[in-house]
Number of protein chains: 2
Amino acid sequence: MTLSNTEEQLMEHLWRLEKAFMKDILEVYPEPKLATTTVATLLKRMIDKKFVAYNEFGNSREYYPLVKKSDYFSKHVNGLIKNFFNDSASQFASFFTRETNLTEKELEELRKIIDVELQKKKK
Amino acid sequence: MTLSNTEEQLMEHLWRLEKAFMKDILEVYPEPKLATTTVATLLKRMIDKKFVAYNEFGNSREYYPLVKKSDYFSKHVNGLIKNFFNDSASQFASFFTRETNLTEKELEELRKIIDVELQKKKK
DNA sequence: ATTTTACTTCTACGTTTGTAGAATTAAAAT
DNA sequence: ATTTTAATTCTACAAACGTAGAAGTAAAAT
């Protein structure tokens with residue numbers, strides 16, 4: 001079960017908001033806004049797909065994500081990696097490092113992170 | 001204009017093959033094979049979308065990709081980054097480094113690449 | 001108490017996707 | 001020359017998507 005593009009965008013909003021009522025969701029959409037019913041349909045489909053759940057509060061609902069962004073994202077990137085890089089994460093990483101233009105500072109940060117990861121592995 | 005999932009897979013094959021006749025394409029598909037007509041339909045749609053072209057050879061065609069994998073891929077990852085990481089490539093990178101389980105060797109390679117990039121920037 | 005507002009459900013409809021049979025065509029094999 | 005094989009085009013169809021109106025419902029505002 002996967003999310004379609006529009007559903008994914010909505011999911012992204014939910015992750016950011018953590019919990020959200022309909023009005024909160026509508027607010028974060030940029031112009032031209034989707035119709036309320038469109039968002040409602042999307043939410044319903046996402047609930048069916050088990051990506052979203054809600055708590056009932058009176059007549060309205062507080063929606064929240066059922067899957068963690070990191071989990072969803074991992075699967076996503078792994079798919080990408082499988083599809084485009086022969087299942088080699090490092091091939092992907094090197095491509096990524098070359099192709100996106102990270103600033104010097106960002107690259108340095110990234111190297112720090114890598115060092116930390118390396119430390120972890122070595123232990 | 002984007003490729004659907006199945007189209008993307010086919011595209012991946014084409015990138016690997018560089019050029020391919022129908023039979024070559026059918027070969028690389030794992031069981032259960034798609035019907036020839038299915039692949040033909042996909043190819044036709046991809047031609048319409050300007051992702052694929054072909055040279056005519058007798059009654060059959062040699063198909064080839066019109067877009068480079070790296071270009072396609074960049075757009076793809078940038079979408080991901082925009083969608084999930086607030087448009088911050090470094091945020092993505094750090095997430096990626098932590099969440100995918102790169103081996104020690106891979107991490108070290110990656111650090112090398114980063115160093116090279118850093119050298120370039122510094123010049 | 002009645003109107004307004006916010007939200008949800010139901011229904012719908014055109015488009016895209018995934019899949020492939022039928023018919024056709026052209027080349028290859030016999 | 002005739003049959004077989006490979007590829008292409010046309011047609012089709014169910015499922016998924018993107019989008020939203022109509023209608024109902026419950027809470028809030030007046």
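Residue numbering restarts at 1 for every chain, and letters A, B, ... go by the order of the sequence lines. Model, not experiment: these values are computed from the prediction.
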Q: Assign each of B/Thr41 and A/Ser60 to its nearest nucleotide of DNA chain D by heavy atoms, then name whichever residue's nucleotide is nearer the 5' end.
A: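 Its nearest nucleotide lies further toward 5', so the answer is B/Thr41.
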message: Which is more 5' along DNA chain D, the nucleotide nearest A/Lys49 or the one nearest A/Phe57? Just name the residue.
response: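 Checking each residue's closest nucleotide, the 5'-ward one belongs to A/Lys49.
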Exercise for the section: Using a cut-off of strictly less than 4.0 Å, decide whether B/Ser4 has a side-chain nitrogen or oxygen near OP1 or OP2 of C/dG18. Expected result: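 For C/dG18, OP1/OP2 do have a side-chain N/O of B/Ser4 under 4.0 Å.
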> Think A/Arg61 has a side-chain N or O under 4.0 angstrom from the OP1 or OP2 of C/dT9?
Replying inline: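 Answer is yes, contact under 4.0 Å.
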Out of C/dA20, C/dT8, C/dG18, whichever nucleotide has its closest atom nearest the side chain of A/Met22: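 In terms of side-chain proximity for A/Met22, the closest of C/dA20, C/dT8, C/dG18 is C/dT8.
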Show every donor-acceptor pair shorter than 3.5 Å between a side-chain atom in residues 13-20 of chain A and any protein atom, with sequence neighbours excluded, or say none if there are none.
| unit_1 | atom_1 | unit_2 | atom_2 | d |
| --- | --- | --- | --- | --- |
| A/Trp15 | NE1 | A/Val67 | O | 2.9 |
| A/Arg16 | NH2 | A/Glu12 | OE2 | 3.0 |

**Request:** Could you please spell out the steps behind the salt bridge (Lys or Arg N to Asp or Glu O under 4.0 Å) verdict for B/Glu108 and A/Lys122?
**Result:** CA-CA 12 Å; B/Glu108 263 154 18; A/Lys122 289 212 162 114; 3.7 Å; yes
Using a 4.0 Å heavy-atom cut-off across all strands, classify [X] as base, sugar-phosphate, or nothing.
X	result
B/Tyr54	nothing
B/Thr38	base
B/Arg45	base
B/Ala40	base

Quick check: do [X] and [Y] have side-chain heavy atoms less than 4.5 Å from each other?
X	Y	value
A/Leu43	A/Ile25	yes
A/Leu110	B/Leu110	no
A/Tyr63	A/Asn55	no
B/Met22	B/Val39	yes

Handout entry: Any pair counted as ring pair (Phe, Tyr, Trp, His ring centres under 6.0 Å), so long as it reaches residues 96-123 of chain B, sequence neighbours left out
Key =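 Sorted pair list: A/Phe92-B/Phe96.
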A quick test of your reading: do over 12 heavy atoms of other residues, nucleotides or ligands sit less than 6.0 Å from NZ of B/Lys112?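 12 or below, so no.
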* Strictly under 6.0 Å, is that where the ring centroids of A/Phe95 and B/Phe73 end up? ->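 Ring-ring flag for A/Phe95/B/Phe73: true, centres closer than 6.0 Å.
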Quick one: [X] [atom1] to [N] [atom2], roughly how many Å, whole number?
X	N	atom1	atom2	result
B/Lys44	C/dT16	NZ	C1'	17 Å
A/Leu42	C/dC7	CG	C1'	15 Å
A/Glu62	C/dC7	CD	C1'	15 Å
B/Leu34	C/dG21	CG	C1'	15 Å
A/Leu26	C/dC7	CG	P	7 Å

Item to complete: State which residues pass salt bridge (Lys or Arg N to Asp or Glu O under 4.0 Å) with B/Glu7; sequence neighbours excluded, sorted by chain then number.
Response: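 Once residues adjacent in sequence are excluded, the partners of B/Glu7 under the salt bridge (Lys or Arg N to Asp or Glu O under 4.0 Å) criterion are B/Lys49.
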Do any of residues 6-20 of chain A sit with a heavy atom less than 4.0 Å from DNA chain D, and if so which?
->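 Close to the strand are A/Thr6.
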| query | Can we say A/Glu104 and B/Lys121 salt-bridge, meaning some charged N sits less than 4.0 Å from an Asp/Glu carboxylate O? | reply |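 No salt bridge links A/Glu104 with B/Lys121.
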Original post:
Can you tell me if A/Tyr72 and A/Glu8 form a side-chain donor-acceptor pair at under 3.5 Å?
Top reply: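 Side chains of A/Tyr72 and A/Glu8: pair found under 3.5 Å.
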**OP:** Note the angle between the end axes of the helix from C/dA1-D/dT30 to C/dT30-D/dA1, five pairs defining each, rounded to 10 degrees.
**Re:**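 Taking the rotation axis at each end, their angle is 0°.
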Terminal contacting nucleotides, 5' and 3', DNA chain D versus chain A (heavy atom, 4.0 Å):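 First-to-last contact on DNA chain D, by the 4.0 Å heavy-atom rule, is D/dC17 to D/dA27.
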